[in-house]
Structures are given as C-alpha cells and as structure tokens.
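Quantities reported herein were computed from a predicted structural model and do not represent experimental measurements. Every chain is numbered from 1 and lettered A, B, ... according to where its sequence line falls, protein lines coming before strand lines. Side-chain atoms are counted along with the backbone in the values below, which use heavy atoms only and exclude waters and symmetry mates.
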Amino acid sequence: MASADRATESEESLVSLYRPSTILPIARHRDALLYLVENYPVTIVVGQTGSGKTTQLPQYLHQARWTEEGKIIACTQPRRVAATTVATRVAEEMGVRLGEEVGYSIRFEDMTSPRTRIKYMTDGMLLREALVDPLLSRYSVVMIDEAHERSLSTDVLLGILKKIRRRRKDLRIVVSSATLQAEEFARFFGDEGESGEEERGGNRDEGDGDGGRKELAKIISLEGRCYPVDVLYLEEPAENYLEKAMQTVFDIHLKARSMNMHFPDKPSNVQALTSTLNKYRRVKGTFWREEIETAISTIMERAGDLHPRAPQILPLPLYAGLPSDEQLAVFDPAPENHRKVIVSTNIAEASVTIENIVFVIDCGFVKLRAFDPRTGIEALSVVPVSRASATQRAGRAGRTRTGKCFRLYTQRAFNDVMTEMGVPEIQRSNLAPVLLQLKALGIDNVVRFDFITPPPSELMARALELLFSLGALDDYARLTKPLGLRMAEMPVDPMTAKILLNSVNFQCTDQILSIAAMTSVQNVFITHEGSKKPAESAKRKFAVEEGDHLTLLNVYQAFAPKFNKPNAAKWCKDHYLNFRALSRAVSVCQQLRRYLDKFNLRVSSEGGGGTPTGEGIRRCLATGYFAHAARMQPDGSFRSVNGMQLWAHPSSVMFNRKADWVVFHEVVETGKKTFIRDVTVIEKDWLLEYAPGFYQLRK
DNA sequence: GAGCACTGC
C-alpha cells in the first residue's frame, strides 16, 4: 500500500500502454493459487488494485477445470459497475462473447446463459440466489472480491458461506482482502469448532474437533502494482478545510516544483513535472453539493488571476447526484495547457477511478449513514476517516506514477484520532432487512449467527422488534407465512415490502407500486443551472397538499405513459425532472409488480386510492411506516415517537406547512438540523389501529 | 426559508 514509509524506488520505466495478462503480478503465483484452492477450503488473497486477481483468478480456476460438470465460478463485487466492466474485460481476454462462457448478473441485467462458467455478480445478487438455492449448489468456487470493504451483503455472505461449507465439502471459497484484514478473515474461517478433515471425513458430526485438525484457511499475498506516494501533513489543524483545500490547489499549481512551503515537515522530494500537465483531485468527505460547487466557482474566479500564458486550471465537480454526462467530463482529457482539478465526494474513493491523478488532497472526513438504535432511525453523520481509508485515498495518487498526497490534518490526528479501520456497515445499519433475509434462509437463531463482526445487540433487538411489529415474525420470532416470507423475497426494505403486500387490502396496488418505486430512486426533481424559480413552480404543479408520497405519485403517473416515447427526456427536462431517475423508477415498479403477480395478489387500483385525499393510500403507508411517525410541535418542528426533534426538509411539500401527525420515508442529518424527507399527513388513530403493539411497547 | 456520503436487491 502506498504510504509515507514506502520505499521510494520508482517503476516508471516499466510503464507500458498494454500489459498482457501473462506479466501481471498474479501470473507468477498461478500455481501457488491453484494449489491452495485445491487443498484448502478457503483461500484469502491479498492483492491491490492492479494485481489482476479479479480478472485472472477466475480464469485460472476455469483452466484448472473447476468448471467441469456444469459448475460455475462466482466472483462477487460490491458495485454493479465493477461486475459489468470486469466481465466485459474477461470475455475479451478469453475471446468469447459476453454472456456466454463469461457473464455477469446484476439487478435488472442478467447477462448469463446456460453456457456461462465464470459469473461476475453483485454480492447482493448472490445473496438473493441463496434464497432459491440455499447451498449455492451451482457454484464450485465462490470468490468474494473486495471483502475488505465490508459491505453489508459481503458480511452476510461470508457468514452464510461458512455455514454452507460445513454441508458442502466440495465448495471452495476465495476471499480477496486488503493486507490489514487478511488475518481476520483467516481466523473467521479457520475457527470452525469442528473437524477440519473435510476431504476425507465429510460425514463427521459438527463439533467433533479432536485431533487431525487441519488449517482451513490460507493467506496468499500478490504483489501489487502502484507507485510510491509521498504523504504530507499540516503542522496545525486547518480552521477552514474548504479554504485550505483551495489554497492547496493553487499551491500545487503554482509551486509544484518547490511545494514544501506549506508542508514543512517533509523534505520537498518534488516530482519533476513533464511537459504534459498532471491532474489532481481532492477526495473529500464533508462537503456537499453546494460546497463542491462553491469550491468550483471560487477556484474558477481565482484562476482568473493566473497569467494568460501560464498553465491554467480546469476545475470539475464530481458527485453522485450530478447528471451522468457531467460526471463523465472528469474523464475527458484536459485542454492543452490546463490542469484538471476534480473536486469530489467520496464517490471517487472506491467507485470511480480517474487515471493520471498525481496529487490528492484529503480533508480527512467522511459522511456515514448510521442507524441509531435509540431512535430507531438511520441518519448521516460526519466522522474522521479511518487510517485504512486515508491510505486508500492516498493510493489514488500513485496509479500512474509517483504522486503526492496532502492531508489537511496533522500527523498527530492521523495517529491518535483516527481508528485503524472503519466500523463495518453491519455494525451501524438497520438490521431489519438482514435479519429478515437470514430468517428466510432458514437461519432461525439469528442472534447466534456467525457474523465476522457481530453487530451490537441493541441493533439486533431493534430489528427484531420492528419485524415483529410489521408482522413478519411471530411471537416466537419465527418467520410468518406467507407475509414474512414474501417480505423477505421482495427487493425492498421491510417497511416498503409491507405496504406493497398490504396495498391489496386498500385497493391501491398500482399507486403503492409507483410510490415504492419513486421513493427508492434519488434526485427526482432537478434544477437547471441558475433556474431555481421555474423549477420550484414546475414542482408545484405536481404538489399535493397531503404530502410528498402523493406528489411523487403524481409525477410518476404523468411520466409513465411517456416512458419509451421519443420525447420523454425532453418532457422531463421541461418539467425539471430527472429522466434517468424516473426511468429507473419504471424498472423498479415493473420488477415489484412481478413479485405481486407471483404471489397471486390481484393488482387492483380501484377504491380507496382514488379518493381526492388519497386516504386509502395514506392509510396503507401508515401500515408500514408507523415506526417513522412524528407529530408537529407549536414551533413547526416535528417530534418523533422517540422524542427526536425533526424538521421537514426544504424539498418537502410539507416544508412550512401545518400538519398534525405525519409519516416519513427517511431522515437526513446535516450540521445543525435533522430533516425528514418524503413526508405525508396521516391520522393518529391509524397508528394505533395498524400498529397497536408497537405503540403499546413505547407508550 | 434551507440544502440531501456511497452502494445494493
């Protein structure tokens, strides 16, 4: 991993445009890898980006005949885009058509065929397959890639795989990890409490651990490929990180050759810039959209002072909410005599890789979604990044050549304040969806489930309580049938699943389908450059007094007939709506409808939903979202059932509007206030009617 | 009258 302590020798002379797979670092380890997979149930592969593990290892296994007798090699990824791009690349390397021997499977896209032997997929997708095939019997090898990211689905998969392995001695598990966590994975799989002689003693009882114990998991390290990165710290903490970041941008730009001025704790060791200008970006965590845009315009303004013939700066924003064509702009080569400066959220930390980054400015913070068991609500909060995360950010500067990373914090903060590793998602998430899924997989005793990092018991208790109140679990915490089982099968969170399944009783299936789809996509409403007023008035045309859910339904109903028509995108633009988000909502809606069809729930949209105030729809919402209820206070804020003070988000139609009781979709915490988004007016009596147990529990 | 990390099924 690139860091300040790394030796400074450079591999620049080895740079080549095309690297045939035979000379990737992994090629030298081919035999060792195959030996381990052959002889050990679990192989932990430690290797950095660029080592070739993701693309090569499945091919080696295929060549070594792990795909005989119709078996498949699975390789999971935490992100869709990784699954598709890697599959495309491997199909090319193998000279086959994508979807035949090599394919991928992600939500809405199954690019596989009966001939597929190597299958890249999202981790969530494999988890879903386990619901249908609990032993994952189609697969001979399951490779969990990027396991060190510890995504929710990856953690659940690891626990399930460990369980499956006891029943399937032929299964091989490969876990790819960063150095820091390799031992933890090995310990997890190694600590079986049962005999390790799975090759010979497949029929031995569990828990028989005497004698003949064999190591179950082996670690193998592949040399990575990256250049040294010089890491520099501030001497004093920055008062204003945004300002400091912009100063640093100009320091780098103007003084790249003697840039030790603001970072005196390190000798200059300056990278001589070649005639082509190098790009750099800052990886950030605490800025939001407006801050990024502020930084962009400020940099642009200050860049006006540069000598016209001096090298210029081209600042570019990058965040998930940006329209995709603007996102893609960061990949365009800079015009001649320009240096690209990419100001981004942490979308660039793991999801997007921009080549030719030589400088990274790391502000040292990250915004995380965390579930508060006390309030039962998920919210965002700002925390210092972990050292592992900071190392990852710094490493982004060393992809093409030796680079520099400017950390906008002190070395002391790095050593004393930051933790070694971030808290895994499973320890800070709403576990209701996870536990529901485990129950559906037949794992009844979820409290004793073998999590690699067990979640806090408060999170477990909260999740069980919610699932019980939703009717997914019975008095003995067993999955109810059909309700709980159906809820687990649907690809939405339990509260949404509940309103979908319940919509039949309120004769508003169509409407709830549309609402569920709309709340699952983000950024429905957009504003064009400098066009706040018209966007607001466009939105008012869809607005419904009773709240955001019905407003979203109006938007969906207006859009749906235009979907797939040639002028749909233009219609969206004219109405200040996000075409891509709405198109995705249509896909989600269709998928959810197929589930209801499968359950033989007659899709009907007559009756309650059709009334002017949408009472049936709002009642139905209350049957799932009762845990997200709040009451308006005299000062205009809301008070949640747990006593939290909440404010209607400015984007809500309930913003500055009078109401009594409401339910809401989600909570967003910013610096000063906690906001609720997607808010709908309900009656207090409905809460007592549909969730009497829940409201008795907390009085 | 104030402003939404990032994924995934």
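- In this structure, the CD atom of A:Glu146 is 15 Å from the C1' atom of B:dG8, given to the nearest Å.
- Picking from B:dC4, B:dA2, B:dG1 the nucleotide with the shortest atom distance to the side chain of A:Asn656 gives B:dG1.
- Across the protein-nucleic acid pair, A:Phe108 atom CZ and B:dC9 atom P stand 8 Å apart, rounded to whole Å.
- Here the nucleotide nearest the side chain of A:Arg79, chosen from B:dT7, B:dG3, B:dC4, is B:dT7.
- Residues meeting the salt bridge (Lys or Arg N to Asp or Glu O under 4.0 Å) test with A:Asp548, sequence neighbours left out: none.
- Which of B:dC9, B:dT7, B:dA2 sits closest to the side chain of A:Ile106 comes down to B:dC9.
- A:Arg80 comes within 4.0 angstrom of sugar-phosphate atoms only, judged by non-hydrogen atoms across all strands, and of no base.
- Checking B:dC9, B:dC4, B:dG1 against every side-chain atom of A:Phe655, the shortest atom distance belongs to B:dG1.
- At the heavy-atom level, A:Thr122 lies under 4.0 Å from the strands shown only through sugar-phosphate atoms.
- Whole-Å rounding puts the A:Phe525 CZ to B:dA2 P distance at 21 Å.
- Between A:His665 and A:Tyr625, a ring centre-to-centre spacing shorter than 6.0 Å is recorded.
- If you take CG of A:Asp155 and P of B:dG8, they are 17 Å apart, rounded to a whole angstrom.
- Nearest to the side-chain atoms of A:Arg128 among the listed nucleotides B:dA2, B:dC9, B:dT7 stands B:dC9.
- In this structure, A:Leu646 atom CG and B:dG3 atom C1' are separated by 17 Å, rounded to whole Å.
- Atoms CG (A:Asp123) and P (B:dC9) sit 8 Å apart, rounded to a whole Å.
- A search for side chain to side chain contact (heavy atoms under 4.5 Å, CB included) contacts involving A:Arg138 returns A:Ile72, A:Lys119, A:Glu129, A:Asp133, not counting sequence neighbours.
- We find that CG of A:Asp362 is positioned 17 Å from P of B:dA5, with the value rounded to whole Å.
- Rounding to whole angstrom units, CD of residue A:Glu149 and C1' of B:dA5 are separated by 14 Å.
- Taking 4.5 Å as the limit, some side-chain heavy atom of A:Leu127 sits within range of a side-chain heavy atom of A:Ile160.
- Around CD of A:Gln645, the count of heavy atoms belonging to other residues, nucleotides or ligands within 6.0 Å exceeds 12.
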